[in-house]
> 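Submitted below is the structure of interest, expressed as structure tokens.
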Amino acid sequence: MAPHETTPDAGVPPIVPEAMAIRVRPEYVAEHSDPAAWRYVFAYHITIENVGAETAQLFWRHWLIHDLVAGDHEVEGEGVVGQSPVLRPGDSHRYNSFCILRGPTGHMEGFYHFRRRDGSVFRAPVPRFHFSAPPEAVGTLFN
């Protein structure tokens with residue numbers, strides 16, 4: 001185990017926060033949202049940079065999504081937007097996706113699972129990022 005890997009639960013890969021730098025930029029998408037129907041669409045733009053010393057392939061994602069109205073749920077699956085990028089040290093991968101919430105605010109956080117060339121697996125945490133519709137979108141609910 002590397003110096004900063006956490007001890008995993010049975011069958012859960014260790015968290016290695018210093019292997020990948022993950023940056024997220026969320027934004028409200030007004031043209032696809034309909035606040036009167038409790039539909040708030042948020043895009044998020046993600047950059048994953050391998051800041052570690054080993055090549056690794058992203059193969060799984062696990063999201064925890066909090067919706068002010070609909071509550072909490074989890075989403076997981078293979079890769080990101082149909083891709084499983086291989087990142088050598090210094091490489092980065094960018095992609096965009098979206099989330100539809102029933103409430104005007106919420107947040108997401110989670111993990112990407114990576115596999116090194118030697119077959120070992122680790123998780124890179126995706127820091128919590130927040131969604132917030134602008135006041136004018138929220139205000140339409142009460143007009």
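Note that the numbering runs from 1 along the sequence shown for the chain.
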> Any pair with a residue in residues 68-87 that passes salt bridge (charged side-chain N to carboxylate O under 4.0 Å, His left out), sequence neighbours left out, goes on the list, sorted by first then second residue, please.
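Residue pairs passing salt bridge (charged side-chain N to carboxylate O under 4.0 Å, His left out), neighbours aside: none found.
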> Grouping I, L, V, M, F, W and Y whenever their side-chain heavy atoms are under 4.5 Å apart, do V24 and V75 come out in a common cluster?
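Yes: a chain of side-chain contacts under 4.5 Å links V24 to V75.
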> Mind checking the OG1-CE spacing from T47 to M20? Nearest 0.5 Å is all I need.
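Here the interatomic distance stands at 13.5 Å.
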> Does the plane of the ring in Y44 sit parallel, tilted or perpendicular to the ring in Y95? Use 30° and 60° as the thresholds.
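Aromatic pair Y44/Y95 classed perpendicular.
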> When you look at V126 and M108, which way does the side chain to side chain contact (heavy atoms under 4.5 Å, CB included) test go after all the steps?
CA-CA 9 Å; V126 180; M108 284 177 66; over 6 Å; no
> For the pair D67 (side chain) and G103 (backbone), establish whether a donor and an acceptor sit closer than 3.5 Å, ignoring hydrogens and angles.
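Checking the backbone N and O of G103 against the side chain of D67, a donor-acceptor pair under 3.5 Å is found.
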> Using every non-hydrogen atom in the two residues, find where Y28 and S132 come nearest and quote the distance to one decimal.
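Nearest heavy atoms, Y28 then S132: CB-O, 4.3 Å.
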> Any side-chain to backbone donor/acceptor pair from R61 onto G79? Under 3.5 Å, distance only.
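Here the side-chain-to-backbone pair exists.
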> From Q83 CD over to H93 NE2, what is the distance, rounded to the nearest 0.5 angstrom?
4.5 Å
> Considering all heavy atoms of both residues, which atom of G52 and which atom of P89 are nearest to each other, and what is their separation?
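Minimum heavy-atom contact is O-CB, 3.4 Å.
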> Indicate yes or no for a side-chain donor-acceptor contact from R123 to the backbone of G110 under 3.5 Å, with no hydrogens or angles considered.
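Absent.
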> Could you tell me how the ring of Y112 sits relative to the ring of F114: parallel (under 30°), tilted (30 to 60°) or perpendicular (over 60°)?
perpendicular
> Stepwise, does the side chain to side chain contact (heavy atoms under 4.5 Å, CB included) test hold for V16 with R116?
CA-CA 12 Å; V16 185; R116 297 178 184 109; 4.0 Å; yes
> Applying the 4.5 Å side-chain criterion to the ILVMFWY set and letting contacts propagate, would V80 and W63 be lumped into a single cluster?
yes
> Would F129 and I48 show up in the same hydrophobic cluster when neighbours are defined by side-chain heavy atoms closer than 4.5 Å?
yes
> Could you pull out the closest heavy-atom pair between P35 and A137, with the gap in Å?
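Taking every non-hydrogen atom into account, CB-O, 3.4 Å.
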> If you link ILVMFWY side chains whenever their heavy atoms are less than 4.5 Å apart, which other residues fall into the same cluster as V29? By chain and number, please.
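ILVMFWY cluster around V29 also holds V41, F98, I100.
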> Can you give me the closest heavy-atom contact between C99 and L101, atom names plus distance?
SG-CD2, 3.6 Å
> Please round to the nearest 0.5 Å and tell me the distance separating atom CD of E27 and atom NE2 of H45.
3.5 Å
> Rounded to the nearest 0.5 Å, how far does CZ of R23 lie from CD1 of I46?
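Atom-to-atom, I46:CD1 and R23:CZ are 11.0 Å apart.
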> Looking only at heavy atoms, which two atoms of L87 and N50 are closest? And how far apart?
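For L87 versus N50, the nearest heavy atoms are O-ND2, 2.8 Å.
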> Mind checking the CZ-CD1 spacing from F131 to I65? Nearest 0.5 Å is all I need.
7.5 Å
> What's the separation between atom CZ in F42 and atom OG1 in T105, rounded to the nearest 0.5 Å?
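The OG1 atom of T105 is 7.5 Å from CZ of F42, to the nearest 0.5 Å.
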> For the residue pair P127 and P125, what are the closest heavy atoms and their distance?
CD-O, 3.6 Å
